[in-house]
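To start, the structure itself, in structure tokens.
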Amino acid sequence: MNSQIYRTRRRLLAEQMQSGVAVIPTAPERVRNRDSHYPYRFDSYFHYLTGFTEPEAVLVLVAGDVPRSILFCREKNPEREVWDGFRHGPEAARDAFGFDEAHPIARLDEMMPKLLADQPSLYFHLGADSDWDARAVGWLNAVRAEVRNGVAAPAAIRDVRVLLDEMRLIKSAGEIAVMRRAAEISAVAHCRAMQQAKPGRYEYEIEAELLHEFRLQGAQAPAYPSIVAGGANACVLHYVDNSAVLRDGDLLLIDAACELDGYAADITRTFPVNGRFSPAQKDVYEMVLAAQAAAIATVKPGASWDAPHQAALKVLAQGMIDFGLSTGSVDAVLESGDYKCFYMHKTGHWLGMDVHDVGDYKRGGEWRKLEPGMVMTVEPGCYIRPAEGVPEHLWNIGIRIEDDVLVTNRAGEVLTEAASKTVREIEATMEAR
Ligand code: GLY
Ligand code: MN
Ligand code: MN
């Protein structure tokens, strides 16, 4: 994406603010242990507005008739650049990324009180980070200290995320193109995992196959910690140990996807370690697949956010009754919430720069309506732990099927369909190894 896209986003944000000053810092670098850092990942809001990937950077956006965007970033430092690599420095960053001004990050605390003087409001991510909160309070107090000199301090602090979340929720053609590619890479990685899995291999070996494919195709990182869960581990929703051996006759649930150029995919597939579903596994699998198909079929502009969840629940509740996991009518199972013993999460979330992306799910107390350009996951599941009264042949079957769905002008488009999904497709993919 070129700098014009980010300039346009900054202009749109400034237009919505009308007046005031927004301060949007990028993410800090974090020490993992002693001299080792966690892999650096910029802040999504900051990146959405700048495209700038260096740490220690802050965007200040002054709204008004002629909005100004100001970048604060690291200075050039030939010695540090020998160790850590290239830094733009303020001047080159201003020119390359289309800012009106740029200054060394060390000048931020000195310049902010001047930038906030006589401004009606500060737009800030208050409460997200206590260090930044303290700095913002410091700037405001510095402006207030000048009131006897005729300077007015901002009277309001507003949450800049309220405006940015809505902007980020509707994806542009450029963003959709990147998400399509992230989805495709992740889908190919799932097929690779299917072909590599067999009894006796370890969950981490299959995780390695996924990571291999992500990086080989140019994705920078996994979008979230990969879940590679064989057998009973599939019933632990956030299982990330990935340390167990894969056993003949078990299912393997994989929830893994890459992040490409700042955008996440999010895919889950569940398949038999030995390449053939047992009759019980197939029955539960096809129920979850039918729930997912019913959910995806509801996705279209104007539909309620909650429609896919309700559609999936109906199919799952009927299945649970059919399999002897629940008793009574579908309505009674839904009403009582009994299904939550076996399906305890929602059917999806927004997807974008963050895997659980920003955007409200309700507006004015009502589930919001889907609009073209929104991207969401559809991910029903069924997790059957051993328990009294639960038919034993279903114990430790844990299944989730998750795809990424773009709301188009007419319907939902599945971005992740290259990942084998029907029983027949999965068995064929595994057969071809
Ligand atoms: N992988 C995270 C999720 O499915 O929500
Ligand atoms: Mn998800
Ligand atoms: Mn997932």
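From a predicted model like this one, the values you see are computed outputs, not experimental measurements.
- With no hydrogens or angles considered, no side-chain donor-acceptor pair links T416 and D404 at under 3.5 Å.
- Under a 4.0 Å N-O distance rule, the pair E175/R168 does not qualify as a salt bridge.
- Between H47 and Y6, the two ring planes are perpendicular [angle over 60°; tilted spans 30° to 60°].
- Evaluation of the ring pair (Phe, Tyr, Trp, His ring centres under 6.0 Å) rule for Y38 yields no partner, not counting sequence neighbours.
- For R11, the CZ atom is densely surrounded, since the number of other residues' heavy atoms within 6.0 Å is greater than 12.
- Ring geometry, F52 versus F46: the interplanar angle exceeds 60°, so the pair is classed perpendicular (tilted spans 30 to 60°).
- Listed by first and then second residue, the side chain to side chain donor-acceptor pair (under 3.5 Å) pairs involving residues 393-402 are D255-R400, T268-R400, T268-E402, Y383-R400 (not counting sequence neighbours).
- Residues M374 and I170 have side chains in contact (heavy-atom distance under 4.5 Å, counting atoms from C-beta outward).
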| said: For I321 and T327: C-alpha separation, side-chain torsions, deciding distance, then whether side-chain contact (heavy atoms from CB on, under 4.5 Å) applies. | reply: CA-CA 5 Å; I321 295 164; T327 51; over 6 Å; no
| request: Would you please test Y45 and D165 for side-chain hydrogen bond (donor to acceptor under 3.5 Å, both in side chains) and show each step? | output: CA-CA 9 Å; Y45 292 110; D165 289 356; 2.6 Å; yes
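- Aromatic ring pairs are classed by plane angle as parallel below 30°, tilted from 30° to 60° and perpendicular above 60°; the pair F86 and H88 is perpendicular.
- Between F124 and W139, the ring planes are perpendicular. Angles over 60° get that label, and only those under 30° would be called parallel.
- For residues 215-251, the set of pairs meeting the ring pair (Phe, Tyr, Trp, His ring centres under 6.0 Å) definition, not counting sequence neighbours, is empty.
- There is no side-chain donor-acceptor pair under 3.5 Å between D241 and Y204.
- Ion pairing of R201 with E205 is present here, as a side-chain N (NZ or NE/NH1/NH2) and a carboxylate O approach within less than 4.0 Å.
- Note on residues 24-37: pairs passing side chain to side chain donor-acceptor pair (under 3.5 Å), not counting sequence neighbours, are T26-Y40.
- Between R180 and E413 a salt bridge is recorded (basic side-chain N to carboxylate O distance below 4.0 Å).
- Side chains of H349 and E379: a donor-acceptor N/O pair is present below 3.5 angstrom, by distance only.
- Between E56 and R87 there is no salt bridge, since no side-chain nitrogen of the basic residue lies less than 4.0 Å from a carboxylate oxygen of the acidic one.
- No close placement of the F271 and H190 rings is indicated, their centers lying 6.0 Å or farther apart.
- Taking the salt bridge (charged side-chain N to carboxylate O under 4.0 Å, His left out) definition, one finds that D109 meets it with R135, sequence neighbours left out.
- Judged purely by atom type and a 3.5 angstrom limit, N77 uses its side chain to pair as donor or acceptor with the backbone of R80.
- With sequence neighbours left out, the salt bridge (charged side-chain N to carboxylate O under 4.0 Å, His left out) criterion links R276 to E427, E431.
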